[in-house]
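Taking it in order: structure first as structure tokens, then the write-up.
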Protein chains: 2
Amino acid sequence: MRTQTRPPSTGRSLEHPDRDLIRLEDVLHALSDPMRLQIVCALAGSEGEQSCSVFALPVSKSTTTHHFRVLRESGVITQIYRGTAKMNALRRDDLEELFPGLLDSVLTGAHRQAARLGEEGR
Amino acid sequence: MRTQTRPPSTGRSLEHPDRDLIRLEDVLHALSDPMRLQIVCALAGSEGEQSCSVFALPVSKSTTTHHFRVLRESGVITQIYRGTAKMNALRRDDLEELFPGLLDSVLTGAHRQAARLGEEGR
DNA sequence: CGGTTCGTACGATACCCATCGTAGTACGCC
DNA sequence: GGCGTACTACGATGGGTATCGTACGAACCG
């Protein structure tokens with residue numbers, strides 16, 4: 001893996017809940033928004049970190065920031081600044097430890113639903 | 001199974017979404033409320049139907065009605081009138097068909113979280 | 001340094017929703 | 001018929017939240 005070109009994280013830091021403080025209700029709520037579910041599916045489909053801007057969501061930048069914050073504060077993703085970009089990654093291990101199988105079943109369900117609705121249900 | 005003493009359903013009917021119209025976002029939203037998650041856990045713990053009143057939720061009757069309606073309209077439970085009571089049951093088969101493993105992982109996650117938080121996290 | 005890119009902060013807005021109380025309906029039973 | 005139980009309908013209320021635009025900050029590049 002080519003990690004040598006990845007810029008180091010910068011001074012700015014972001015609050016993340018400790019694993020033991022992640023609550024199932026908050027995770028479910030975070031995933032219950034179509035926009036955020038789409039983000040999570042995209043993150044799961046690509047290994048490693050993705051910047052906020054690669055998703056091209058059909059909402060304003062402010063709204064995008066809002067959704068990523070909800071995902072981070074609920075414990076679904078980690079975020080870190082690298083240069084001007086903010087990189088996002090799923091907290092797969094933490095979620096699997098706390099709620100075994102949950103993330104996978106949500107991702108599978110989302111995938112099946114997209115197929116069932118003919119991709120129009122976005 | 002003793003079904004002979006169960007009163008038949010009465011004339012009043014209730015709207016339920018067809019299986020194919022159940023949406024993952026709606027299910028996740030329904031489950032993201034602590035009160036409703038508690039209801040679902042209780043329903044899962046007891047086989048068959050349960051009336052609305054056996055749960056003794058710490059909210060008013062109107063609010064209880066509201067939560068059961070959200071669960072029904074999102075496709076998580078079925079409801080049917082039997083005499084004066086309204087009986088509730090999980091739509092296990094439909095959910096399993098649409099979103100395999102989802103309900104089980106949520107239930108398991110809720111159970112583990114309750115244990116982790118020492119039952120105080122209700 | 002100046003410009004560009006990426007993301008944030010803040011206020012506004014409109015909508016959603018969890019909660020309640022009160023009044024009412026449906027059903028079973030006496 | 002009259003009563004009690006179980007649940008509903010409706011309106012109100014307060015808090016949450018998805019959305020936007022605008023103005024700002026932080027880092028990189030030339």
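All chains are named by letter (A, B, ...) in the order of the sequence lines, taking the proteins before the strands, and each is independently numbered beginning at 1.
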message: Is B/Ser60 close enough to C/dC20 that one of its side-chain N or O atoms is under 4.0 Å from OP1 or OP2 there?
response: yes
task: Would you give a per-nucleotide map of nucleotides 3-8 of chain C, 5' to 3', where B means the base has a protein non-hydrogen atom under 4.0 Å away, S means only the sugar-phosphate does, and - means neither?
output: ---SBB
- prompt: Taking NE2 from B/His67 and C1' from D/dC7, how many angstroms apart are they, rounded to a whole number?
  reply: 15 Å
task: Using a 4.0 Å heavy-atom cut-off, write out nucleotides 11-16 of chain C from 5' to 3' as B (base contacted by protein), S (sugar-phosphate only) or - (no contact).
output: ------
query: Does B/Leu24 offer a backbone N or O that forms a donor-acceptor pair with the side chain of A/Gln113 under 3.5 Å?
result: yes
- line: note: B/Ile80, atom CD1; C/dA26, atom P; distance rounded to Å ~ 18 Å
statement: To the nearest angstrom, the CG-P distance between A/Asp26 and D/dG16 comes to 13 Å
task: Return the set of residues passing side-chain hydrogen bond (donor to acceptor under 3.5 Å, both in side chains) with B/His67 (not counting sequence neighbours), or none when no residue passes.
output: B/Arg36
- request: Using the test side-chain hydrogen bond (donor to acceptor under 3.5 Å, both in side chains), find all partners of A/Ser105 that sit at least two apart in sequence or belong to another chain.
  value: B/Ser105
message: Whole angstroms only, please: what is the CD-C1' distance between B/Glu25 and C/dC17?
response: 18 Å
- request: Nearest whole angstrom, please: distance from the C1' of C/dA18 to the CG of B/Leu37.
  value: 16 Å
Distance test, side-chain N/O of B/Arg36 to OP1/OP2 of C/dA18, below 4.0 Å: yes
statement: The salt bridge (charged side-chain N to carboxylate O under 4.0 Å, His left out) partners of B/Asp94 (sequence neighbours excluded) come to B/Arg91
message: Tell me every residue that passes side chain to side chain contact (heavy atoms under 4.5 Å, CB included) with B/Thr108, counting only those two or more places apart in sequence or in another chain.
response: B/Arg112
query: Looking at residues at least two apart in the chain, or sitting in another chain, which of them share a side chain to side chain contact (heavy atoms under 4.5 Å, CB included) with A/Ser51?
result: A/Ser53, A/Val54, A/Ala85, A/Met87
message: According to side chain to side chain contact (heavy atoms under 4.5 Å, CB included), who are the partners of A/Ala42, at least two apart in sequence or on a separate chain?
response: A/Phe55
message: So, using side chain to side chain contact (heavy atoms under 4.5 Å, CB included) as the criterion, who are the partners of A/Leu103 when residues are at least two apart?
response: A/Val40, A/Leu90, A/Arg92, A/Leu95, A/Leu107
